[in-house]
Structures are given as C-alpha cells and as structure tokens.
Amino acid sequence: MDECMKTGVPCTFALIIPAAGSGTRMGAERPKPFLEIAGKTILEHTVSRFLPFSGLKRVVIATSGPWVGFTSDLFKGSEVEDILTVVEGGQERRDSVGLALEKTDAGHDLIAVHDAVRPLVTETEISDSLEMARKHGAALPGIECRDTLKLVGKNGIVEKTPDRSRFRLALTPQVFRRELLVRAFEQSRRQSVSDDASMVENLGEPVMIVKGSETNIKITWPSDLILAEKLMNEHGLLPGRKEIGKQIEE
Ligand code: CTP
Ligand code: MG
C-alpha cells in the first residue's frame, strides 16, 4: 500500500490535478470534473484514489476561474482540506500544470500529475508509477494498442504499418522527481506538448513505462459517464452499490 515506503526509503509527493478544461467533447452544462457520478463529482472520486498513500503531502487542483471557489468548497471538512491548494488554470493543459507546479515546493520529492477525469486509476498504477519515478526520475502507466496502427499520409493513403508491439497509449498519473519536472518546464516554455512526460523526454532524460490499466479511462464523451459508473460499481468503488447488486442476485 505504501508505495514510497516499500523499499524502506521514505519519500513525499504532491499531486497536481489539471481540471481547467472546458469539456467541449462532452458538451455538458459544466466542465467534466464537476459532473456527478453516483452523487459525487468526478473530481472527488479522482482525488480519493490517492488518499490511501501516506506520502501524499499536497494536492494542487488547477481549475478555471469560475470554479475555483466551488472546488475549495467541495473539499471543505474533508481530509483533503488541510493539504489542498486551488489555483486558476491556463489556456492549455500544460499551462494549468505549470501554474499548479508553482504551488509545490522542494519538500515534495515527487510530483504526480493526474487528469481530473480519470477516476478509475488503480492503486497499482499509482504505486508503480511513484516507485519507478523514485528510482529512475520519471514514469507513467501505458497500455498496449489493441488494434493495428496505420500511419496515414496525404489523401488518406496509408504510408506505413508500424510495429504495434512497441507502442503504448499514455495514461496518467505521470510522476516525476520534482527538480526534473521543474527543469523540463523551464526548457520547453514555447514548445507545444501533448503530455508532461514528453517535456522530460525532450531533455534526454529517461521516462519509464509501467503497466497501465485498461479501465483507467479518461472521461471524454457522454457515453464514458455510463461506462465509468458501471466500472466503478464493478470495482467496488461506489460504497453501498455493490451490496445492492449482490442482494438482487441472491
Ligand atoms: N485541462 C486543464 N487545463 C486546460 C485544458 C485541460 O487543466 N487548459 C484538464 C482537463 O480539465 C482534464 C485534463 O486536462 O482534466 C485532460 O483534458 P481533456 O480530457 O482534453 O479535457 P477538456 O479539455 O476539458 O475536454 P475537451 O478537450 O473535450 O474540451
Ligand atoms: Mg482538451
């Protein structure tokens, strides 16, 4: 359970949650992190996955201006309140992560960046990523591509069929030694990046892949809400729900 202590070396981490997107593909009346599943916001579900880890010393949530106050209120009276900082995010996801990073300090050995809209992240993905980043500097969960990949060129003509076995889909949490992530941000200010790990790759530093979970989905489209609730129920992540299902079966 206690990833950072497993090898006898204590370490601390700060959790950065980018939650400042507008949820265009979802098309809901509020941004995705604030939609509810079984009476709780997706953001609360997501944060709660990290609470069993005693190395967690700070949670920084970056959200859009109108939702900053709402987010602070959401965690009032919860065990997160004392270690929570809420900041206003930026235009791009990386801007939101960068602004949140400024609220962490050198007292945090590792930084875990995790999408607000991945409430199904598993304990193993978190602990493996933390442990691997502690050892090697940077790590993230990845999953194999189930379909064949095609590199498509002009006019929709396939140029190449790359070796699928060497590709991984990048999930979160992406975990880094703090000094490494700070350096990566400094070096790539004007570059456009699609995830945090790629900035570290651009420094020429190793980024390790750990085994990701197929169920660690990023809630993106409306149908994902139904899927996420179903998966949470199956995984016993909705208190009370499983018991109800069981009673009906029996
Ligand atoms: N995010 C962020 N700041 C941004 C853009 C995105 O913090 N400027 C966050 C989102 O809130 C989400 C995560 O990054 O938790 C992953 O982004 P994505 O799934 O693309 O969410 P949205 O950008 O909100 O959705 P869409 O692309 O459909 O608009
Ligand atoms: Mg987006």
Side-chain angles (χ1 to χ4, degrees), residues 14-37 40-50 58-75 80 84-104 111-122 125-126 129 140-143 168-176 181 184-185 188-200 212-229 231-232 237:
L15 171 65
I16 288 180
I17 304 266
S22 48
T24 322
R25 288 169 287 181
M26 180 63 73
E29 87 291 354
R30 49 174 69 190
K32 294 186 289 184
F34 307 105
L35 295 175
E36 289 188 0
I37 293 179
K40 252 185 9 181
T41 61
I42 292 173
L43 180 62
E44 288 169 281
H45 285 292
T46 300
V47 170
S48 69
R49 301 290 165 255
F50 289 82
R58 177 130 309 266
V59 177
V60 188
I61 299 174
T63 192
S64 52
W67 292 93
V68 169
F70 181 92
T71 302
S72 301
D73 290 347
L74 202 56
F75 293 97
V80 186
L84 179 67
T85 307
V86 184
V87 295
E88 189 168 343
Q91 195 75 30
E92 305 289 331
R93 182 184 177 284
R94 64 83 65 71
D95 302 322
S96 301
V97 174
L99 290 160
L101 185 59
E102 289 174 11
K103 301 293 178 189
T104 66
I111 304 288
V113 184
H114 184 70
D115 290 327
V117 290
R118 289 188 193 270
L120 279 143
V121 62
T122 65
E125 286 175 296
I126 298 171
S129 303
L140 69 140
I143 51 174
R168 295 292 179 272
L169 302 177
L171 313 179
T172 72
Q174 302 199 342
V175 186
F176 311 91
L181 188 61
F185 262 93
S188 63
R189 277 200 196 288
R190 272 173 289 277
Q191 289 163 17
S192 130
V193 291
S194 64
D195 71 350
D196 312 294
S198 59
M199 290 188 279
V200 173
S213 161
E214 294 282 342
T215 57
N216 183 6
I217 59 167
K218 188 171 82 161
I219 295 176
T220 304
W221 293 283
S223 61
D224 291 333
L225 286 173
I226 298 158
L227 177 61
E229 180 164 10
L231 289 169
M232 279 188 201
L237 297 171

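Remember, it's 1-based here, ligands and their atoms both numbered in the order they're listed.
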J.: Kindly tell me which protein residues have any non-hydrogen atom under 4.0 angstrom away from an atom of ligand 1, grouped by chain and ordered by number?
T.: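 Lining ligand 1: P18, A19, A20, G21, S22, G23, T24, R25, K32, G90, Q91, E92, R93, S96, D115, A116, V117, K218.
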
J.: Is the backbone N or O of G90 less than 3.5 Å from a side-chain atom of S96, with the two atoms forming a donor-acceptor pair by type?
T.: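 Side chain of S96 to backbone of G90: a pair is present.
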
J.: Is there a donor-acceptor pair under 3.5 Å between the side chain of R118 and the backbone N or O of N216?
T.: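 Yes, R118 side chain to N216 backbone: donor-acceptor pair under 3.5 Å.
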
J.: Please check if atom NZ in K103 has more than 12 non-hydrogen atoms from other residues, nucleotides or ligands closer than 6.0 Å.
T.: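 No, the 6.0 Å shell around NZ holds no more than 12 heavy atoms from other groups.
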
J.: D95 side chain to E92 main-chain N or O, any donor-acceptor pair under 3.5 Å?
T.: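 Yes; judged by distance alone, with no hydrogens or angles, the pair exists.
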
J.: Can you list the residues that meet the side chain to side chain donor-acceptor pair (under 3.5 Å) rule with S188, with sequence neighbours excluded?
T.: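 Side chain to side chain donor-acceptor pair (under 3.5 Å) list for S188, sorted by chain: empty.
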
J.: What is the ring orientation for F34 with W67, classed by angle as parallel under 30°, tilted 30 to 60°, or perpendicular over 60°?
T.: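 Rings of F34 and W67: parallel, under 30°.
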
